Amino acid sequence: MANVTYSRVCKNFGSVKVIDELSLEIKDDTFVVLLGASGCGKTTLLRMTAGLETITNGEISINGVRMNEVHPRDRNIAMVFQNYALYPTMSVFENIAFSLEIKKLGREEIKKRVEETAAILNLTDYLHRQPKELSGGQRQRAAMGRAMVRDADVFLFDEPLSNLDAKLRAHMRVEIRQLHDRLKATTIYVTHDQVEAMTMADQIVLMRNGIIEQTASPDELYNRPASKFAADFVGTPSMNFLEGSIESHNGAPCFSNKGLQLPLPPDCPAKAGQAVICGLRPTDLHPDENGPIKGVLRFREKTGAETNLHFSSMDNHLIATTSRDQEIGIGANIAFSIDARRIHLFDKNSERRI
Amino acid sequence: MIVETAATRRTRIVLAWLVTGLFVFPLYYWVTTAFKSSKDIFNIPPSVWQFSPTLKNFEEVFGISFGYLQRQEVGMGGGDFYMTPRLIDSIVVALGSTALAIVISTMAAYSLSRMDFSGRHHFVNWILSTRMMPPVAVAIPMFFLYKDIGLMDTHLGIIIIHALMNLPLAVLLLKSFFDDVPREIDESAIIDGATRWTIFRRIILPVASGGIAATAVLCFIFSWTEFIFVLTLTQTGLKTVPVVSSSFVTSTGTAWGNMAALGAASMAPAFIFILLVQKQLVRGLTLGSLKQ
């Protein structure tokens with residue numbers, strides 16, 4: 001059980017800056033998800049934590065001990081790779097037992113620990129099988145078993161679910177999270193899948209171009225995104241963005257865009273006249289005949305439980321998520337309202353939250 | 001799918017047999033020559049299918065008696081055409097040089113595949129370039145070198161030169177097999193606490209065993225059929241099969257039957273070797289254990 005601290009960590013590949021002065025504190029027992037698009041440096045950061053990449057500048061420490069020069073085997077970490085990286089010629093038992101054998105534990109002890117791990121992961125019946133004889137989900141579990149058996153301080157996961165089909169992925173999400181709740185080990189989990197991040201994390205670290213965009217709990221990231229990028233990255237369908245400015249109507253602040261007027265909460269910190277980007281989550285838009293957001297329905301997208309309505313309003317293309325009972329014809333006029341507290345405002349220049 | 005008519009199917013089968021026949025016939029003719037008496041060998045038209053088989057040629061070449069030859073006709077185990085020791089020389093040289101080449105090249109290929117050092121790329125090219133030189137260009141300098149250091153006319157000398165000759169190919173071939181093994185497997189083992197040597201021995205070698213077997217087969221065959229180095233670097237101590245084959249050409253004529261007997265017999269070791277590693281060869285092609 002360990003704290004992991006990154007202070008001003010940099011990583012360059014040649015002249016390319018992959019990680020730029022990144023600082024982050026990961027507390028004991030937390031499940032942290034590094035979230036970001038591909039190429040944002042999240043996997044590099046994980047590999048640096050494991051010791052598989054050198055650190056160009058800055059310091060990574062585990063439990064206060066500087067790790068930069070420590071060999072991966074001495075960091076007491078465990079890692080699950082995207083392609084599982086099981087040892088192809090060894091059985092599941094040998095795969096899980098490998099690290100214990102290297103530590104020269106006794107045969108009885110190894111057998112006991114492997115079997116305990118296998119029982120937790122429902123792998124007992126497959127221990128004698130070769131990796132190629134396992135299904136994707138079983139391979140994934142075998143890879144987790146190999147990590148779990150070691151009693152590591154920190155667990156590192158590098159997109160472990162991306163090779164599984166959607167249903168199995170949903171199942172493994174729950175399993176991994178339950179496993180974490182049971183083992184209580186500090187976990188760093190890399191993914192580009194916002195659903196994985198939202199469902200599993202205690203804390204999400206949203207990365208972009210080698211820097212941290214926002215560190216927050218899933219709720220906070222969704223409800224109070226720190227920037228337009230964070231707001232756009234999380235949530236399906238993505239947030240609607242409208243450019244406009246703040247106006248004052250009889251002393252009450254209001255967002256204005258080409259004739260669209262949205263009242264804002266009275267304590268809104270934005271100043272009158274300020275150029276802003278207004279963010280509206282599709283799920284926060286409610287059909288309301290008298291609502292301020294009026295438009296024409298262009299396209300309907302059914303997802304089963306809900307229907308996404310694509311509509312145009314004053315040259316803007318917007319999406320609203322409504323209940324599946326809404327039966328509106330294409331081309332019909334529709335109107336929506338939104339709770340003023342659910343409106344997100346970002347500065348137009350810095351794109352940071354106001 | 002293309003639907004095949006009966007006619008195209010027939011043509012395809014006939015063509016397949018023709019091509020197969022074209023390749024197999026010389027082999028067949030050579031092997032049957034080994035079982036022919038001189039009379040049958042020089043028959044015009046050639047007796048391809050009908051001849052009275054004899055083991056006389058084998059008796060002369062290997063000094064074993066099957067009853068076709070009177071003991072006094074040829075000095076058993078001492079005649080001009082007695083080749084058993086030469087076959088053993090060939091086997092020793094081919095096995096020895098293959099083993100040496102494989103031991104060195106697996107380690108070299110693993111380092112080239114996994115370890116980052118400056119100039120690695122140039123190093124690989126340099127290894128490849130040594131193969132571009134024709135062996136004849138090296139044979140004479142090697143002759144003087146071997147004479148000076150005492151490797152002339154020794155099994156060890158030929159084993160070393162054959163291993164050297166095969167190293168570039170073996171290293172490059174094995175490197176490509178190792179490159180196919182995902183790096184994550186090494187990394188996973190590093191985190192599990194394994195040293196480089198443990199990873200190489202316990203994980204990479206078994207995974208790449210198919211590739212190693214294929215490489216070994218090639219090394220074995222190249223050594224088995226090599227001519228120039230054995231010709232220039234040996235005198236009486238040893239001779240391999242390709243070189244002694246020329247000794248059947250004598251001032252009184254060519255002993256075609258004996259030459260064919262040695263040739264037919266010399267196919268056997270390579271054939272057996274390939275059979276032995278065949279299982280590994282097939283496995284090398286079906287590495288299905290990794291999700292990629």
Side-chain angles (χ1 to χ4, degrees), chain A residues 43 46-47 49-54 71-92 94-105 129-140 142-143 146-147 149-150 152 154-156 158 160 162-164, chain B residues 106 109-111 113-121 174 176-216 277 279-292:
Chain A
T43 295
L46 193 78
R47 290 172 58 84
T49 315
L52 299 172
E53 299 284 355
T54 54
H71 192 274
R73 80 172 83 96
D74 301 321
R75 297 187 182 199
N76 202 21
I77 43 147
M79 185 159 170
V80 177
F81 291 84
Q82 184 173 1
N83 61 0
Y84 316 141
L86 295 171
Y87 310 131
T89 51
M90 297 185 190
S91 68
V92 173
E94 290 166 323
N95 260 284
I96 298 176
F98 186 72
S99 65
L100 305 179
E101 269 176 49
I102 301 268
K103 277 192 204 154
K104 298 208 167 23
L105 293 188
R129 293 215 192 161
Q130 298 269 311
K132 61 176 168 239
E133 297 165 334
L134 300 179
S135 71
Q138 288 161 348
R139 283 180 204 180
Q140 219 281 320
R146 204 170 54 176
V149 80
R150 300 187 40 213
V154 185
F155 281 85
L156 307 175
D158 186 8
S162 56
N163 283 336
L164 302 179
Chain B
T106 45
Y110 180 70
S111 342
S113 168
R114 289 299 199 271
M115 293 172 190
D116 289 313
F117 50 89
S118 55
R120 181 172 66 158
H121 183 67
L174 286 169
S176 75
F177 281 114
F178 291 149
D179 285 345
D180 284 346
V181 179
R183 264 173 183 251
E184 283 90 348
I185 289 186
D186 294 52
E187 290 171 346
S188 183
I190 288 172
I191 291 174
D192 271 351
T195 59
R196 275 273 176 213
W197 179 247
T198 311
I199 296 169
F200 176 66
R201 199 172 49 84
R202 298 236 0 230
I203 297 167
I204 302 299
L205 281 189
V207 172
S209 60
I212 295 170
T215 312
V277 296
K279 200 181 135 208
Q280 305 294 319
L281 269 180
V282 174
R283 225 176 61 190
L285 303 173
T286 53
L287 270 180
S289 50
L290 305 158
K291 184 124 187 170
Q292 296 199 7

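Since the structure is predicted, the reported quantities are computational estimates derived from the model, not experimental observations. Order of the sequence lines fixes the chain letters, A, B, ..., with proteins taken first and strands second; residue numbering starts at 1 for each chain.
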Please list, one pair per line, the donor and acceptor atoms closer than 3.5 Å that link side chains of residues 96-103 of chain A to other protein atoms, with sequence neighbours excluded.
from     : atom 1 : to       : atom 2 : distance (Å)
A/Glu101 : OE1    : B/Arg202 : NH1    : 3.1
A/Glu101 : OE1    : B/Arg202 : NH2    : 3.3

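With a threshold of 4.5 angstrom between heavy atoms, A/Ala78 approaches chain B through N, CA, C or O but not through any side-chain atom. Looking at A/Arg75, neither its backbone nor its side chain comes within 4.5 Å of chain B, counting heavy atoms on both sides. Both the backbone and the side chain of B/Thr195 come within contact range of chain A, with heavy atoms under 4.5 Å apart.
Between B/Ser188 and A/Arg146, some side-chain heavy-atom pair lies under the 4.5 Å cut-off. Taking the side chain as every heavy atom from C-beta outward, A/Thr89 and B/Ile203 never approach each other to under 4.5 Å.
Not counting sequence neighbours, A/Phe81 has no partner by the ring-ring contact (aromatic ring centres under 6.0 Å, His included) test.
Residues B/Ile191 and A/Met79 come closest through the heavy atom pair CD1-CB, 3.6 Å. When all heavy atoms of A/Arg73 and B/Ile190 are compared, the closest pair comes out as CB-O, 3.5 Å.
Just one of A/Asn83, A/Leu86, A/Leu52 meets the side-chain contact (heavy atoms from CB on, under 4.5 Å) condition when paired with B/Glu184; it is A/Asn83.
Although no hydrogens or angles enter the test, the distance criterion places a donor-acceptor pair under 3.5 Å between the side chain of A/Tyr87 and the main chain of B/Ala189.
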